[in-house]
Amino acid sequence: MSPQLTDIHAELQWRQLIYQCTSDRLGSWLMARPRTVYAGFDPTSDSLHVGHLLPLLMLRRFQKSGHRPIALVGGATGSIGDPSGKSQERNLQSLEQIEANVVSIRQQMAGLLDFSSDRHSALGPALLVNNHDWISRFSYLDFLRDVGKNVPVNVMINKESVKNRLENPDVGISYTEFSYMLLQAYDFVHLNRTFGCELQLGGSDQWGNVTAGIDLARRMAGAEVFGMTCPLLTKSDGTKMGKTESGAIWLDPKKTSPYQFYQYWRNVADEDAGKCLRFLTELPQEEVDHLDQCRATEPAKAASQIRLAEWLTELIHGPAAMELVRQATEIFFGGEIGKFASDEDLNQVFAEVPSSELVAARLADGVSIADALVEAKLTKSKGEARRVVAEGGAYVNNRRVDSDTHLVTTADLSSPTMIVLRRGKKNYALLRIVD
RNA sequence: GGGGGGAUACCAAAGUGGACAACUGGGACAGACUGUAAAUCUGUUGUCUUCGGACUUCGCAGGUUCGAAUCCUGCUCCCCCCA
């Protein structure tokens, strides 16, 4: 039997995920039968980052409630650059680069969307499409005749994204970026014709592009399609969610380790935690409400942040990675380091930590704590190392070393060939014993 | 082209023959506190050390002196004023 539809509209409402909507009867429209919905992603990098999570989770929610999501990767539009929300003309990327990005992004999406089974929706599994496939087939002349003819320029120049750039004489806007909207609009028409797609999702900055698509679909195909935008996920201090001083938080574990990923969410400000729980998790309403309460009464426990971090880390990196992150977190925040049976496990927990090599013979004789700290590059000189020990800032296996005559020996091994050293709160280093 | 001022540690900035490994502020690093936040407080901040000290450092190279960041000579670089 075919999967049941659940009321996605009601869910999005309590999650406050609906910012704008082209129709006020969207709720019943979505309950009438399974629909095909799409959202677009720019392949500007070889990995998705936290900024992509919100729309991706939107598609996931739609799939889970019985609809069919299409993730559109903008191989064509990404090569042009969307002027929305951008103050400057973008640099163009090479087509090969974009092609490579599309391949790895598809893999990441497969973790969140079901591209293979139709158990979620009667319409079938989720789809991943690349607009380069159809847009590149157009000749310039054909595009102008078929698409351009249907779009009044006076409407285009009144769109927010274009208007901002036109009004600023310093940056301006190229004809190429100006045309971006047409391409995205045509995507909707194409998806509507090919897959019966009837709803486009996007961030609130996409409203202009979304409505352009709806207009175009009516003019070109006489089709009635819909659009919906989500609020943008911003932090209470006004900065972008998902950015740190050291750059974006990526979904690719090679670019942002699961531990860093977890820690990012673990450290979300209280003011932003409620929003994140609603926008970025699938926790039920009762639990979110409960966490809101806990946050108000016992902020120190950071229950919301922990739940958020665990939920997202498990979703993106899987339960096994989450378990290691849990272990690492325990250790990094004070726990003593017990014996690890294998170097492998210890290595995983301390994946971020730099390591240095130490000859086995030296360890057998015992290495002074100062030498060990220098060897592990935790201090620049022995003098500095001695000071750190005197200040109580030196640790072996998370146990404070209180005397600078302390010798590090084979008894300090935390796994068959490794010793964990630490200076201060968070500076860890591994000593690998080699022959 | 002429005249004047300057160069000190990660940064800023004192120090004008010995008490100077060099005041002070910032930064950084530890510790306490704390919610893995912020603020605050304390300590440290050239190298080595057998913890007694030893050695190297105030733009660069020489010199004077028992002794130089400090005085002299030359060089390099920077700033300002006049033309």
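No hydrogens, no waters, no symmetry mates; every other heavy atom, side chains included, goes into these values. Throughout, protein chains are lettered first and strands after them, A, B, ... in sequence-line order, and every chain is numbered starting at 1.
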How far, in whole Å, is [M] from [N] if one measures between their [atom1] atoms?
N     : M     : atom1 : value
B:A32 : B:G15 : C1'   : 35 Å
B:A61 : B:C77 : C1'   : 15 Å
B:G26 : B:C79 : C1'   : 24 Å
B:C71 : B:A7  : P     : 11 Å
B:A19 : B:A39 : P     : 39 Å
B:G6  : B:C41 : C1'   : 39 Å
B:C20 : B:U8  : C1'   : 12 Å
B:C58 : B:A9  : C1'   : 8 Å

#### Entry: Heavy atoms of other groups near A:His406 NE2, more than 12 under 6.0 Å
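Above 12, so yes.
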Is the base of B:G27 syn or anti, where syn means the angle lies within 90° of 0?
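Judged by the O4'-C1' to base torsion, B:G27 sits in anti, the angle falling more than 90° away from 0.
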message: Within the 4.0 Å heavy-atom criterion, would you say A:Asp270 contacts the bases, only the backbone, or no part of the nucleic acid?
response: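 Base, at least one base heavy atom under 4.0 Å.
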Heavy atoms only, 4.0 Å cut-off, all strands: where does A:Arg295 land among base, sugar-phosphate and nothing?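 Contact class for A:Arg295: none.
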Any residue meeting side-chain hydrogen bond (donor to acceptor under 3.5 Å, both in side chains) with [X], in chain and number order, not counting sequence neighbours:
X        : answer
A:Tyr395 : A:Arg400
A:Glu310 : A:Arg326
A:Asn397 : A:Ser414

Hunt down the Watson-Crick or G-U wobble partner of [N], both distances under 3.5 Å, from any strand shown, or write none.
N     : result
B:A7  : B:U76
B:G67 : none
B:A83 : none
B:A32 : B:U40

**Item:** Near-strand residues of residues 250-268 of chain A, defined as heavy-atom separation under 4.0 angstrom from RNA chain B
**Value:**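 Nucleic-acid contacts, sorted: A:Gln263, A:Arg266, A:Asn267.
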inquiry  = Quick check on contacts: within residues 371-383 of chain A, what sits under 4.0 Å from RNA chain B by heavy-atom distance?
reply    =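 Correct list: A:Ser381, A:Lys382, A:Gly383.
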- Task: Any salt bridge (Lys or Arg N to Asp or Glu O under 4.0 Å) involving residues 44-59 of chain A? Give me the pairs, sequence neighbours left out, ordered by first then second residue.
- Result: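 For residues 44-59 of chain A, and leaving out neighbouring residues, the salt bridge (Lys or Arg N to Asp or Glu O under 4.0 Å) pairs sorted by first residue read A:Asp46-A:Lys255.
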Item checked: Pairs satisfying salt bridge (Lys or Arg N to Asp or Glu O under 4.0 Å), at least one member in residues 366-390 of chain A, at least two apart ->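 Found A:Arg362-A:Glu375, A:Asp371-A:Lys382.
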Using the ring pair (Phe, Tyr, Trp, His ring centres under 6.0 Å) rule, pick out the option among A:Phe188, A:Phe226, A:Phe195 that qualifies with A:Tyr38.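 The passing option is A:Phe188.
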Tell me, please, which residues at least two apart from [X] pass salt bridge (charged side-chain N to carboxylate O under 4.0 Å, His left out).
X        : result
A:Asp272 : none
A:Glu282 : A:Arg60, A:Lys64
A:Asp292 : A:Arg278, A:Arg295

Q | A:Tyr428 and A:Phe350 aromatic ring geometry - parallel, tilted or perpendicular at 30°/60° bounds | A |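 Correct class here is tilted.
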With sequence neighbours excluded, residues passing side-chain contact (heavy atoms from CB on, under 4.5 Å) with A:His52 =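 For A:His52, the residues satisfying side-chain contact (heavy atoms from CB on, under 4.5 Å) (neighbours in sequence not counted) are A:Phe41, A:Leu48, A:His49.
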Name the residue closer to the 5' end of RNA chain B, choosing between A:Arg386 and A:Tyr395 according to the nucleotide with the nearest heavy atom.
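With A:Arg386 and A:Tyr395 compared, the 5'-side residue is A:Tyr395.
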For RNA chain B, whose closest nucleotide is more 5', that of A:Ala300 or that of A:Asn427?
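Per heavy-atom nearest nucleotide, the more 5' residue is A:Asn427.
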Shoot me the first and last contacting nucleotide of RNA chain B against chain A, ordered 5' to 3', at under 4.0 angstrom to non-hydrogen atoms.
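That gives a stretch of B:C29 to B:C51.
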